[in-house]
Each structure stands twice: as C-alpha cells, then as structure tokens.
Amino acid sequence: MPHGNLQTLSAFLSKPPKQTTVLPVPELPEVEVLVRHLRPWLKNKTIGDVSVYRARVLSPTTVRTFKKKLRGASFRGVSRRGKYLLFEIRCLGERRTQVLLGHLGMTGRMYLLPANHPLPKHAAVVMNLGRNKFVFEDTRYFGRLTFDLRPIRRLGAEPFDEEFTPEKFLEVLKHSRQPIKVRLLAQSIVAGLGNIYASEALFHAKLSPRIPARRLTAAQATGLWHAIRQVLSEAIQRGITIPLDYAGLGSKDGLFYFGREPGVIGSYEERLCVYARAGQPCVNCHTAIKRLIQVGRSTFYCPSCQRGNRGKKQFDAV
DNA sequence: CACCATGTTCCTTG
DNA sequence: CCAAGGAACATGGT
C-alpha cells in the first residue's frame, strides 16, 4: 500500500508524534477486573473503624451518615454497573442489605493493605477490616463512594446484557444527531466505555467517530455492537490474566493494585490500535493515525479505514 | 508559569 | 421541554 506509506512518511516528517503516556484511567474492563479481585477479599468481612480523609468523595452522603452506616457493617457482595462498583453491605442490626456505590473517576484505586501499612498520600477513605484495611485512594478526588444511587439510574445498556441487542442499539442511536463517538462517551446509550475503548471500538467497526449517531445503518450499528463487546471482553480477559500486584512492593501477599501491568506481557499501550497513537501508522493500512477533539476530548482514528456512509457524505476525506 | 488530560455533573444557550 | 456545548472539579505532568 504505497499510498499509505507515503502518507505515513510525510506525517512523520512534518510533525513527529509526541508520545503521551497512557494513564490507566479505569473504564468498564478495569472496573470489572477490580470487582472480581475484590469480591473474594471483601466477602463477609466486617468493617471496623472508618476514616474519611476527603469528604467530597462521599457527596452527597455526609461523613456522619457514612460512618454510622458502615461501622459494624459487613460486605455481602461486590458487583458492577458500567464503570460503577456496587458494594452490597449489611448494616449492623439490619436485615436488609444496602448498596454502597463506588466510582474510580480518573485516578481512583481500591485495594487492601495490611492494617499497619502506611497510607498513600491521597487516601480518600479507609475502612478497617481487622488484619487488613480497605483503601480508596484517589489523586484527583473525582471518584465517589456514596449511598446516593441516582447516578446509575441514568446509565444506558450494560454491554453484555442479553437485553442489549443490535436492534435496541440501533433504535437508541436514532435519537441523536451527535457524533457517534460523543454518544458512546455519554454513558446513556451504552454504559462503561471511556475515551480509550470508545476510540478502539470505532476503529474495529471501521466507522468514523464523526458520523451522526442517527445516520448509522443497521449493518453499521450491528458491527459497532460487536466491536464494543469484543474490545471490552478482550480487555477483561487480558486483565484477569494479570497477577495481583501491589505497586511498590511487587509481591503477591494478598495485597493488590490494579492498573499497572508487570513488564513481561505487552504493555497497556501496546495492545491499543489507535488510542494515543497519533502520527503512527495504522495497523491495517499504515495511514497515519489522526487525533481530533470532540467536546473537548481527544479521539484517535484512522482517516482511511474509518469512513462515513458509503455513497453519502465522507466524514473523513483524505 | 500556562496549559493539558481525564469522567461526570451542572449550568447555559439555542 | 430537550439537545448540545462548555465550565468546573483536582492534581500532576509537560
């Protein structure tokens, strides 16, 4: 494909791509893997003292209510909805369980530490579980740990839900003229895609991120539906094969930290086809990957592989 | 020092 | 009323 190579070459000559490090911002797969790790560790554990270092992450729940509900409570289960973690809690002296909602924001981490281990700089909430403590750390404090469940009511379909069919997907896409990438990020059609997997899914579906959602054909919607599930399930599959590791200790003594991979296997960046690859050759056609800004967010795509509707307007004329 | 990145909510504008 | 766009949030990296 000489045409593609020429483009790649000129792209490199005009502006060498600056390599941005991909931060492990948690999206659905990362949350899913975290939930699977946490579940056995938290199950049936009883909470002792609770420390809140950053009240903002509980909002609108107050520190007072938060502590009152959690002290003496026990974990019954952990699950996920979109990028949210759902901790099923049984409060002291109560028969019914309650849901504590967690969200990692962009920099949130949840893990266990030995009771006497020093806390990280940005520990937001810590629950004492006896010999261990459950830590919610969040550098930017955009995350949440709250009893306010309203956010999950606004979420769109769960990508692996049986109810989420290509037909349903097409139907909801019809309601918007916003670019498809923007709709995927909004969580209201499909829950769990973030900036990375939204770009990746569109690449695998060979769709321009700029196509208005309602202009996707049934075939295109079905292709995207498959791509979304494929991209997410591959990431989950990969995540669960990574051994637990606590950053800084590198041991597997029951502590863990998710988001960092041991160097042995291909890195986080290496498995992504377009995300943060502006200027690099497309894995299919070797055309330089482009970056565009949509609603203030970066979108990465191959201008050659990812086009608009055939016979209609080209959204990415080369 | 100024600016960028990120996910979500809130506010404004059309 | 809704759709769409932009600011705000907090911090660290360039």
Side-chain angles (χ1 to χ4, degrees), chain A residues 15-32 34 52-61 80-86 101-110 119-125 136-156 158-159 171-201 209-215 232 235 247-248 258-260 268-269 272 274-279 291-300:
Chain A
K15 45 179 178 193
K18 61 164 192 229
Q19 251 342 320
T20 49
T21 318
V22 178
L23 295 169
V25 172
E27 299 183 24
L28 185 151
E30 289 75 19
V31 176
E32 176 62 29
L34 174 62
V52 177
Y53 300 97
R54 192 62 74 117
R56 150 177 239 282
V57 306
L58 312 183
S59 175
T61 303
R80 178 192 61 72
R81 174 81 170 92
K83 302 174 196 170
Y84 289 85
L85 297 106
L86 280 66
L101 192 65
H103 194 290
L104 299 174
M106 296 191 289
T107 53
R109 299 287 184 265
M110 291 184 186
L119 290 176
K121 183 177 177 188
H122 298 291
V125 178
F136 173 29
E137 172 195 1
D138 191 353
T139 311
R140 294 180 195 169
Y141 304 108
F142 280 11
R144 278 285 183 283
L145 200 53
T146 178
F147 285 101
D148 175 25
L149 305 184
R150 284 173 299 178
I152 51 175
R153 291 193 304 208
R154 299 178 204 138
L155 295 179
E158 193 58 35
E171 169 55 30
V172 282
L173 289 175
K174 288 270 180 271
H175 297 321
S176 175
R177 35 184 105 221
Q178 265 190 318
I180 182 62
K181 159 67 160 38
V182 176
R183 289 316 297 162
L184 291 182
L185 274 191
Q187 309 300 303
S188 46
I189 291 183
V190 188
L193 291 171
N195 216 24
I196 295 175
Y197 296 113
S199 281
E200 293 296 313
R210 292 198 255 234
I211 305 178
R214 55 151 58 165
R215 296 213 12 209
L232 294 178
F258 181 69
R260 195 165 301 199
Y268 193 66
E269 290 93 336
L272 303 175
V274 287
Y275 189 81
R277 286 187 180 276
R291 182 175 90 114
L292 86 97
I293 304 293
Q294 296 179 293
V295 236
R297 262 51 175 165
S298 298
T299 300
F300 298 90

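A, B, ... follow the sequence lines: proteins, then strands. Residue 1 opens every chain.
Contacts of Arg144(A) with the nucleic acid, taken as non-hydrogen atoms under 4.0 Å apart, are absent. As judged by a 4.0 angstrom heavy-atom cut-off over every strand, Arg183(A) is placed among residues making no nucleic acid contact. At a threshold of 4.0 angstrom between heavy atoms, the contacts of Arg150(A) with the nucleic acid are absent.
When distances are taken from the side chain of Phe142(A) to each of dT8(B), dA4(C), dA10(C), the shortest belongs to dA10(C). Closest to the side chain of Gln178(A), from the set dG5(C), dT11(C), dT8(B), is dG5(C). Distances were taken from every side-chain heavy atom of Thr139(A) (C-beta onward) to each of dT8(B), dG12(C), dT9(B); the shortest belongs to dG12(C). Distance from the side chain of Arg154(A) is smallest to dT9(B) among dG12(C), dT9(B), dA5(B). With dA4(C), dT11(C), dT8(B) as the candidates, the nucleotide lying closest to the side chain of Tyr141(A) is dT11(C). The side chain of Pro151(A) approaches dT9(B) more closely than any other nucleotide in the set dA5(B), dT9(B), dT11(C).
One can place NE2 of His175(A) at 13 Å from C1' of dC2(C), the figure rounded to the nearest angstrom. Rounded to whole Å, atom C1' of dC4(B) lies 13 Å from atom CG of Asn195(A). In this structure, CG of Leu292(A) is placed 12 Å from P of dA5(B), rounded to the nearest angstrom. Here the P atom of nucleotide dA10(C) and the CG atom of Asp138(A) are 11 Å apart, to the nearest Å. For the pair His103(A) NE2 and dT9(B) C1', the computed distance is 11 Å after rounding to whole Å. Rounding to whole angstrom units, CD1 of residue Ile196(A) and P of dA5(B) are separated by 14 Å. At whole-Å resolution of the value, CD1 in Ile189(A) and C1' in dA4(C) are 14 Å apart. The CG-P distance, from Leu149(A) to dT9(B), rounds to 13 Å in whole Å.
For the atom pair Lys83(A) NZ and Gln187(A) CD, the distance stands at 4.0 Å (nearest 0.5 Å).
The phosphate of dT8(B) has OP1 or OP2 within less than 4.0 Å of a side-chain N or O from Lys83(A). One finds no side-chain N or O of Arg177(A) lying less than 4.0 angstrom from the OP1 or OP2 phosphate oxygen of dC2(C). When the side-chain nitrogen and oxygen atoms of Ser176(A) are compared with OP1 and OP2 of dA4(C), one or more of them lie within a distance under 4.0 Å.
Inspection of the Arg291(A) and Ser298(A) side chains reveals an N or O donor paired with an N or O acceptor under 3.5 Å.
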Which atom pairs link the protein and nucleotides 6-8 of chain C when you take only N or O atoms and keep those under 3.5 Å?
none

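Checked for salt-bridge contact, Glu158(A) and Arg80(A) meet the test: a charged N lies under 4.0 Å from a carboxylate O.
For the salt bridge (charged side-chain N to carboxylate O under 4.0 Å, His left out) test, no residue two or more places apart in sequence or in another chain qualifies with Arg153(A).
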Practice task
Let me see the working for Leu101(A) and Arg144(A) under side-chain contact (heavy atoms from CB on, under 4.5 Å), right down to the final yes or no.
Solution key: CA-CA 7 Å; Leu101(A) 192 65; Arg144(A) 278 285 183 283; over 6 Å; no
Practice task
Before giving the answer on side-chain contact (heavy atoms from CB on, under 4.5 Å), spell out for Leu185(A) and Gln294(A) the whole-Å C-alpha distance, their side-chain angles and the decisive distance to 0.1 Å.
Solution key: CA-CA 10 Å; Leu185(A) 274 191; Gln294(A) 296 179 293; over 6 Å; no
Practice task
Carefully, step by step, assess Val25(A) and Asn195(A) under the rule side-chain contact (heavy atoms from CB on, under 4.5 Å).
Solution key: CA-CA 9 Å; Val25(A) 172; Asn195(A) 216 24; over 6 Å; no
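Figure legend: cation-pi geometry between Arg54(A) and Tyr141(A), with NZ or CZ positioned under 6.0 Å from the six-membered ring centre and within 45° of its axis.
Each of His122(A) and Arg56(A) was assigned the nucleotide of DNA chain C with the nearest heavy atom; the assignment lying further toward the 5' end belongs to Arg56(A).
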